[in-house]
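What follows is a single structure, written as structure tokens, with notes after it.
Residue numbers count from 1 along this sequence.
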Amino acid sequence: MPEILEGLNGAQREAVTATEGYVRVIAGAGSGKTRALSHRFAYLVNEVGILPGNILCVTFTNKSANEMRQRIHALTGDNDTGYINTFHGFCVSILQEDSHVVGYPRSFLVLDNADIDAMLQIIYEERGLTLRDITYGMARNMIEVRKLFKEPDYYLDLITLSLDVLRKKYLAAERAEDIIFYGYLYQEKKCFGLDYNDLIKFSLYIFAENEAARHKWQERLEYIMIDEFQDIDSLQYQLMEVLCGYHKNLFVVGDPDQTIYTWRGADIGYLLNFDQVFSPARTVLMTENYRSTPQILAAANSLIARNSLRVRKELRSTLPPGPPVLCHYASDAEEEGRWIAGQIKALREAGTPYRDIAVLYRAHYVTRQVEEVLMGEEIPYTIYSGTQFFGRMEIRDALAYLRMIALQDDLSFLRIANVPKRNLGKRRMAFLRDRAAETGNTLYQTLKQHLEDPLFKGTGAEKFVKLVDAFSASGDGRPVSEVLSDILDRSGYERMLRTEGSQERLDNLAELKQSVYVFETTCGEECTLEHYLAHAALFTNGDAAEQRDRVKLMTVHAAKGLEFPHVFLCGMNEGVFPSRRTRTQDAMEEERRLAFVAMTRAEQGLYLSEAEGRNLDGSPRYPSRFLLDIDPDCLTLTHPPRAGLVEEARRAIENSLRWMPESESAVLPAGQRVRHAVFGPGTVTGADLDRSAYIVQFDGINTPRKISFRARLERL
């Protein structure tokens with residue numbers, strides 16, 4: 001047996017050695033799929049003789065990609081670890097080679113939400129819009145919807161229209177949404193910027209329009225592996241289909257029971273129907289779990305077994321027995337918080353660090369009472385999905401300095417030209433914007449041209465220009481981490497923070513330097529400044545994990561891909577988890593999958609809790625159906641629930657299911673003719689899913705009526 005296969009179980013070994021054709025691996029939670037993927041990569045390289053640069057391995061997060069690079073390097077001893085990245089990160093690699101096809105330079109700008117907000121600020125100021133017209137968050141969502149659904153060919157404007165024509169469309173727009181949309185496209189073109197959706201759209205366009213580029217990538221990628229396949233969306237699926245079209249070696253790993261992102265485009269059918277679309281396909285089941293105790297898996301298995309849209313499997317623990325899964329029925333939310341705090345204190349006294357404990361919940365509002373109790377008990381905690389590390393002011397400023405060195409774009413200039421203070425305030429910035437608009441130059445170019453203007457005498461403009469030019473001239477060949485440390489020092493930025501006494505911000509910069517160093521050592525190729533910056537916009541909160549000894553509070557969605565020795569899952573009430581917005585049986589199955597994901601984050605201890613009381617509308621709060629779905633033998637109750645509570649909850653749940661449609665596609669479409677037992681014939685004009693009702697215009701009634709889903713409507 002090759003050394004690379006030692007230590008793998010039977011299913012992992014089968015997955016690793018299945019090198020040719022279409023392979024689907026159904027990998028349960030904690031079943032060692034990262035191990036299987038990294039060993040398969042190493043097997044292809046060491047045993048089969050495939051060049052690392054001819055293998056693509058797509059992961060769901062940058063953190064997973066970094067971990068896999070490190071594992072593969074340890075297994076192969078080769079610094080070349082091929083293409084190991086997220087879909088968006090891989091598209092950056094495509095565009096860095098072939099962006100000339102769409103008229104973009106190799107050093108294009110990858111935009112994140114902070115960049116988009118900076119663009120929106122420019123648009124709002126130029127056209128006199130305010131947040132009363134539309135908030136930045138709503139504007140970002142509107143842009144995404146128009147790009148993906150309403151105007152999916154928008155990228156043709158970015159590619160084919162000149163900057164002048166785009167600006168004219170922007171200035172001619174009258175509605176706030178049109179002003180923002182075309183203003184955004186203009187700002188994108190102006191700085192050669194691409195947002196997340198553009199990365200895949202532009203890559204697909206290049207492959208559709210340029211046969212040479214398509215064949216180059218298809219022939220290069222002899223083996224394609226995709227992790228978390230249950231989470232990919234239609235654009236990612238299209239890209240995958242194109243890339244595997246030549247060698248037809250496609251290896252996908254996923255778990256239908258962990259499909260929790262349909263709200264952002266994931267389709268469980270891609271994994272469930274893989275063997276029908278890609279035929280012949282081989283399926284491997286990985287069910288041995290290395291993460292959780294038998295008690296935790298027994299509870300999780302009994303919960304997810306209630307779902308019908310899945311591949312049937314039973315997770316089996318490889319660990320020794322642990323403590324029972326505790327379930328607490330609290331009298332109210334405050335008492336639930338006190339119970340959680342008491343359990344955390346007991347764990348702490350027994351030697352468990354706070355950082356090994358996570359409190360998970362369906363939505364942020366659930367934590368108010370828990371937070372109050374934790375503060376009262378002086379238990380340190382951090383909200384994991386709060387201000388993202390890469391969204392913090394000092395991190396954005398540091399990256400803007402790097403972008404000024406490499407790209408000298410307007411967004412970075414506006415952010416740091418006057419940070420630290422260089423006496424470049426609003427009046428001087430307005431002057432530069434006006435002159436730049438007249439000449440078509442960037443703000444930085446405009447500043448260089450006007451350094452002798454009296455307006456800039458007595459400012460730090462000249463010193464700033466010399467700093468940027470010096471680093472731009474000497475940056476090639478230097479490690480990015482070295483450039484970052486040097487620019488933060490010589491710009492005076494770190495001195496500014498020390499003067500302010502901002503130690504936490506300085507600590508964050510130290511963490512950034514460390515993350516840059518890690519990126520350099522794991523990127524698997526020559527890591528230039530441009531390469532790092534193109535990927536930096538794709539980094540997320542999970543790429544800079546919280547190291548301090550604090551209890552972690554986070555939503556279940558934020559916990560996906562993570563694991564903790566002890567997990568508290570709170571707020572397990574109907575209308576909370578599952579969410580009251582769950583309107584179809586398919587959506588209810590996704591909520592159950594979400595609960596399954598939450599439970600399988602736990603390694604040693606799992607604690608479930610709910611609280612009685614009243615909802616905001618005055619209705620009684622009942623225990624979640626997910627607590628009732630779990631086999632009672634798999635739970636240990638801290639005390640029996642009050643008499644009649646479970647029976648009341650079951651009746652309420654049964655009533656809610658009676659008129660719940662199977663899926664949104666099962667909802668009667670607008671235009672459908674129907675007959676009502678009392679009102680007679682009519683026409684469905686729409687549906688209110690939030691209130692589980694159809695809007696029907698009956699033939700014999702002048703005004704429409706809202707008819708509950710529970711009422712029988714006969715199709716005509």
Side-chain angles (χ1 to χ4, degrees), residues 2 4-5 12-27 33 36-60 65 68-69 72 75-76 78 80-98 101 199-200 202-229 232 234-254 270-271 273-284 524-525:
I4 206 75
L5 300 180
Q12 289 172 334
R13 194 176 302 121
E14 182 183 357
V16 167
T17 55
T19 62
E20 304 307 303
Y22 302 120
V23 182
R24 175 180 65 170
V25 177
I26 305 296
K33 63 185 178 62
L37 280 163
S38 54
H39 278 252
R40 186 176 192 267
F41 193 113
Y43 183 82
L44 287 169
V45 173
N46 288 3
E47 303 301 327
V48 182
I50 303 301
L51 297 173
N54 293 95
I55 304 173
L56 167 64
C57 183
V58 180
T59 66
F60 196 60
M68 202 164 295
R69 287 191 200 103
I72 290 169
L75 289 167
T76 65
D78 195 334
D80 183 0
T81 51
Y83 295 99
I84 302 175
N85 222 315
T86 62
F87 270 108
H88 293 98
F90 177 65
C91 285
V92 168
S93 298
I94 294 172
L95 291 163
Q96 283 181 325
E97 281 195 30
D98 296 306
V101 175
L199 294 173
I200 295 185
F202 274 53
S203 297
L204 285 170
Y205 176 82
I206 288 172
F207 290 152
E209 298 297 320
N210 192 296
E211 186 176 351
R214 182 176 71 252
H215 283 317
K216 176 185 70 176
W217 285 100
Q218 286 179 329
E219 291 179 16
R220 181 184 301 177
L221 302 177
E222 297 174 355
Y223 294 88
I224 297 173
M225 300 189 286
I226 301 178
D227 191 13
E228 304 285 9
F229 192 70
I232 73 169
S234 61
L235 286 178
Q236 295 165 344
Y237 190 82
Q238 291 173 46
L239 184 64
M240 174 205 74
E241 285 185 302
V242 173
L243 292 174
C244 73
Y246 181 70
H247 293 291
K248 302 186 187 303
N249 288 324
L250 179 61
F251 178 92
V252 302
V253 183
Y270 291 148
L271 183 57
N273 303 324
F274 181 87
D275 56 338
Q276 299 169 36
V277 177
F278 298 93
S279 181
R282 181 174 179 177
T283 295
V284 180
E525 56 187 282

Report yes if the side chains of F41 and L37 come closer than 4.5 Å at any heavy-atom pair, otherwise no. no
Can you name the closest pair of heavy atoms from D227 and T59 and give their distance? CB-CA, 4.2 Å
If I take atom CD1 from residue I206 and atom NZ from residue K216, how far apart are they, to the nearest 0.5 angstrom? 9.0 Å
With a 4.5 Å heavy-atom cut-off, do H39 and L5 have their side chains touching? no
Identify which one of I226, L250, I224 satisfies the side-chain contact (heavy atoms from CB on, under 4.5 Å) criterion when paired with L243. I224
Decide if atom OH of Y246 counts as having more than 12 heavy atoms of other residues, nucleotides or ligands within a radius under 6.0 Å. no
Heavy-atom side-chain proximity of M240 to Y270 below 4.5 angstrom: no
Please check: side-chain N/O of H247 versus main-chain N/O of Y223, any donor-acceptor pairing under 3.5 Å? no
The test is side chain to side chain contact (heavy atoms under 4.5 Å, CB included); show your working for V48 and Y43 and say whether it passes. CA-CA 7 Å; V48 182; Y43 183 82; 3.9 Å; yes
Under 4.5 Å between any side-chain heavy atoms of E228 and K33, yes or no? yes
Heavy-atom closest pair (E219 atom, E222 atom, distance to 0.1 Å) is O-CG, 3.8 Å
Parallel, tilted or perpendicular for F278 and Y22, by the 30°/60° rule? tilted
For the residue pair Y83 and R220, confirm or rule out a side-chain donor-acceptor distance under 3.5 Å. yes
With rounding to the nearest 0.5 Å, note down the distance linking CG in L56 to CG in N249. 12.5 Å
Spacing of CD1 belonging to I55 relative to CG belonging to L221, to within rounding of 0.5 Å: 10.0 Å
Do L235 and Q238 come within less than 4.5 Å of each other through their side chains, counting heavy atoms only? yes
Determine the minimum heavy-atom distance between A18 and R40, stating which atoms define it. O-NH2, 2.7 Å
Please check: side-chain N/O of R69 versus main-chain N/O of I84, any donor-acceptor pairing under 3.5 Å? yes
Atom CZ in F90, atom CH2 in W217: separation rounded to 0.5 Å? 4.5 Å
Nearest-0.5 Å distance that lies between atom CD in E47 and atom OG1 in T19: 11.5 Å
Can you tell me how far the OG atom of S38 sits from the CE atom of M68, to the nearest 0.5 Å? 6.0 Å
